[in-house]
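Some notes on the structure that comes next.
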Amino acid sequence: AAAAEAWSEAQWEEAEEAFIMADCGTETALRLVSEAKKRRHQPPLPALKSVMLEMLARKEADYFPPDKPFVLLMIGVNGTGKTTTIGKLASMWRGEGKRVVIGAADTFRAAAIEQLSVWVERSGAELVRQGHGADPAAVAFDTIGRGVAGGFDVVMIDTAGRVQTDKGLMEELAKVRRVINKALPGAPHEVWQVVDGGTGQNAVAQVEKFRAVAGTTGLVVTKLDGTAKGGVVLQLSDRFRLPVRYIGVGETLEDLMPFDGAAFADTLLP
Amino acid sequence: NLTDKLGDIAHRLQGNARVGESELDATLREMRLALLEADVALPVVRHLISEVREQALGADVAKSLQPGQVVVKILHDNLTDLLGGSRRPLKLDKIPSVILLCGLQGAGKTTTAGKLARMLATDGKKVALTSVDATRPAAREQLQVLAQQIDVPYLAGDGSDPVAMADSALDKARVSGCHVLIVDTAGRQVIDAELMDEIAAVDAAVAPQERLLVLDSMTGQTALTVTEQFHQRVPMSGCILTKTDADVRGGAALSVAHITGVPIRFVGTGEKIDAFEAFDARRFAGRILG
Ligand SMILES: Nc1nc2c(ncn2[C@@H]2O[C@H](COP(=O)(O)OP(=O)(O)OP(=O)(O)O)[C@@H](O)[C@H]2O)c(=O)[nH]1
Ligand SMILES: Nc1nc2c(ncn2[C@@H]2O[C@H](COP(=O)(O)OP(=O)(O)OP(=O)(O)O)[C@@H](O)[C@H]2O)c(=O)[nH]1
Ligand SMILES: [Mg+2]
Ligand SMILES: [Mg+2]
């Protein structure tokens, strides 16, 4: 039975190409195949799956700190889904009876505050905002103040999208983080980078550079309801040991799922 | 980068009296890896490598003092040809000419609509903007803010159905006598049948002179499927690559060129409304090569 399970070289190559097409990257695709080949006690598909699971960073189930509020900073490149994800997370926590306040720290992009305020309303959260063009760090500071004074369970800070090559905006992000920490020691308890599931190898540079300035503690991968498989997640998880907390699978409040490594690995398998 | 990597192989090639196919194949393997790492879709990579192989053998690379460099140049030329094919200005001869923007969620359509409007207005055209995005919160407001920034009229479509909105906006455009109407649409996934029917219906309603695919330059392997599927429902006449200010290699650009043969017209080079340039094929080819 074991002999029947073994793959020909051509089949292994086919698997490697499937991983490349899933955005795993050439090195990872090669590594998945070469590692799985070594596991002679396992048939090919389970072997590949076990290698993938090893690459995925383990996460402690509970990211909430012992005392409230739990402060979460959301970061990421332009258009990845930060604002929408904040709405989804708020809705999820509201459903658990938690009180949520959200800071509109994207004070730059056209109608960013208006967009966030719709999500705040839909999810039953509260909004802290200042004028368009205000200092994002000041908004973050105010929001934490409101979160503490109002006895909220969760404080979320929405930030403007930025590309990792923009030194000024990366410094701004570092400042937002510092100010959050000043406002509340221990905060931000979590910093999640939102990654578009359709992103190619640039995701690695994104996570690397953002983490250097913001101290990323987790990832959210969005738009996995499309054709993209998000295979780059294997690299992100393996290289940076960052757990994927949630995945976005659509544009409405309910379209958020906890990341399930085993299910994810299944979608990547050829 | 690729040129350095190939420098080593070139060194090896130079030592030989004639460049055998195996030495060439080693070079091509490095190229294949470099192109994949640059997010060029696998089927496109296969096509390019076979082209380069044929031309390199034909060019008798062995005769060159720098065989590795010659092969790189062949690849660079192939990329440039593929990317630069069929360059032509926007077709805006009808009054009003409609430009329809389509693409995935978050690609940069709304921002690009503003950039395009600003560019055309600077060129002396009478431009108007409209959004038929009835789903994303504050989508229409976003475009209205941009329109205001560049002092270009925003024409509001009536109702909440994208096709009806597009229709009524076009009527208003005709009445207003504007030369160009730029139609911003909601982002969508190509496997969403309903939304793909919708974009085809919007297209039918406004019969655009230009249908532009707005694609995030950091898109990975799915750029091929995405381009293919959009092109199938709404025959694209061009593409705009966004967020090229990130350190993205931009291999997705080749998928567009390879699948549709449509020209990449412009690139978005930043968040500001003036961060917009004409696409330079040779320079972009160099960037893909790293
Ligand atoms: N299909 C799909 N679309 C999504 C998902 N998450 C977000 N989107 C869409 O992606 C687009 C961008 O989302 P935003 O929340 O504005 O992204 P952002 O990161 O806040 O963008 P910026 O603030 O401009 O950087 C919107 O159209 C969202 O509806 C997802 O999981 N699936
Ligand atoms: N750095 C950079 N950001 C860009 C560029 N083009 C657009 N953006 C940003 O990308 C994000 C998404 O842009 P939008 O215009 O909202 O994208 P969209 O395609 O209209 O999104 P949906 O309507 O939700 O599908 C915004 O933060 C823009 O400012 C660009 O060329 N460079
Ligand atoms: Mg946002
Ligand atoms: Mg838009």
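Values reported hereafter were calculated over all heavy atoms of this structure, with side chains retained and with hydrogens, waters and symmetry mates removed.
Per-residue heavy-atom pair counts under 4.5 Å with chain B were compared for V163(A), L116(A), T83(A), and the maximum is reached by V163(A). Interface check for chain B: of the options V232(A), N78(A), V77(A), D225(A), the most heavy-atom pairs under 4.5 Å are formed by N78(A). The greatest number of non-hydrogen atom pairs below 4.5 Å with chain A, out of Q189(B), Q142(B), Q149(B), is found for Q142(B). Of the listed residues A38(B), G251(B), A41(B), G106(B), the one with more heavy-atom pairs under 4.5 angstrom with chain A than any other is G106(B). Comparing R32(B), Q229(B), R136(B) by how many heavy-atom pairs each has under 4.5 Å with chain A, the most go to R136(B). The candidate from T80(A), V118(A), D23(A) with the greatest count of non-hydrogen atom pairs under 4.5 Å with chain B is D23(A). The candidate from E27(A), Q206(A), K223(A) with the greatest count of non-hydrogen atom pairs under 4.5 Å with chain B is K223(A). Your options are G161(A), G231(A), G226(A), and the one with the most heavy-atom pairs under 4.5 Å with chain B is G226(A). The most heavy-atom pairs under 4.5 Å with chain B, out of Q164(A), R109(A), E114(A), come from R109(A). Each of V226(B), D247(B), L42(B) has some count of heavy-atom pairs under 4.5 Å with chain A, and the biggest count is that of D247(B).
A 6.0 Å sphere centred on CD of E208(A) holds more than 12 heavy atoms belonging to other residues, nucleotides or ligands. Shown here is R287(B), whose CZ atom has more than 12 heavy atoms of other residues, nucleotides or ligands within 6.0 Å. Open room surrounds CE on M21(A); 12 or fewer heavy atoms of other groups in view lie less than 6.0 Å from it. In the displayed structure, Q11(A) atom CD is contacted under 6.0 Å by more than 12 heavy atoms of other residues, nucleotides or ligands. Residue K175(A) qualifies as open at atom NZ: its count of foreign heavy atoms under 6.0 Å is 12 or below.
Between the side chains of E251(A) and Q105(B), a donor-acceptor pair is found at a separation under 3.5 Å. Between E37(B) and T26(A), the side chains place a donor N or O and an acceptor N or O closer than 3.5 Å (distance only, hydrogens not considered).
Distance alone, capped at 3.5 Å, places no donor-acceptor pair between the T227(A) side chain and the T225(B) backbone. Between the side chain of N202(A) and the backbone N or O of M218(B) there is no donor-acceptor pair closer than 3.5 Å.
The contact between V190(B) and chain A is made entirely by side chain atoms (from C-beta outward), counting heavy-atom distances below 4.5 Å. With a threshold of 4.5 angstrom between heavy atoms, E17(A) approaches chain B through its backbone and through its side chain. For R46(B), the part lying under 4.5 angstrom from a heavy atom of chain A is the side chain only. Using a 4.5 Å cut-off between heavy atoms, A228(A) touches chain B through backbone and side chain atoms alike. With a 4.5 Å cut-off on non-hydrogen atoms, D39(B) touches chain A through its side chain but not through its backbone.
Closest heavy-atom contact between A138(B) and A111(A): O-CB, 3.9 Å. Contact between A110(A) and V145(B) at its shortest, heavy atoms only, is CB-CG1, 3.7 Å.
L169(A) contributes atom CG, which lies 7.0 Å from atom CD of E271(B) (distance to the nearest 0.5 angstrom). Considering CD of Q221(B) and CZ of F19(A), their distance stands at 14.0 Å, rounded to 0.5 Å.
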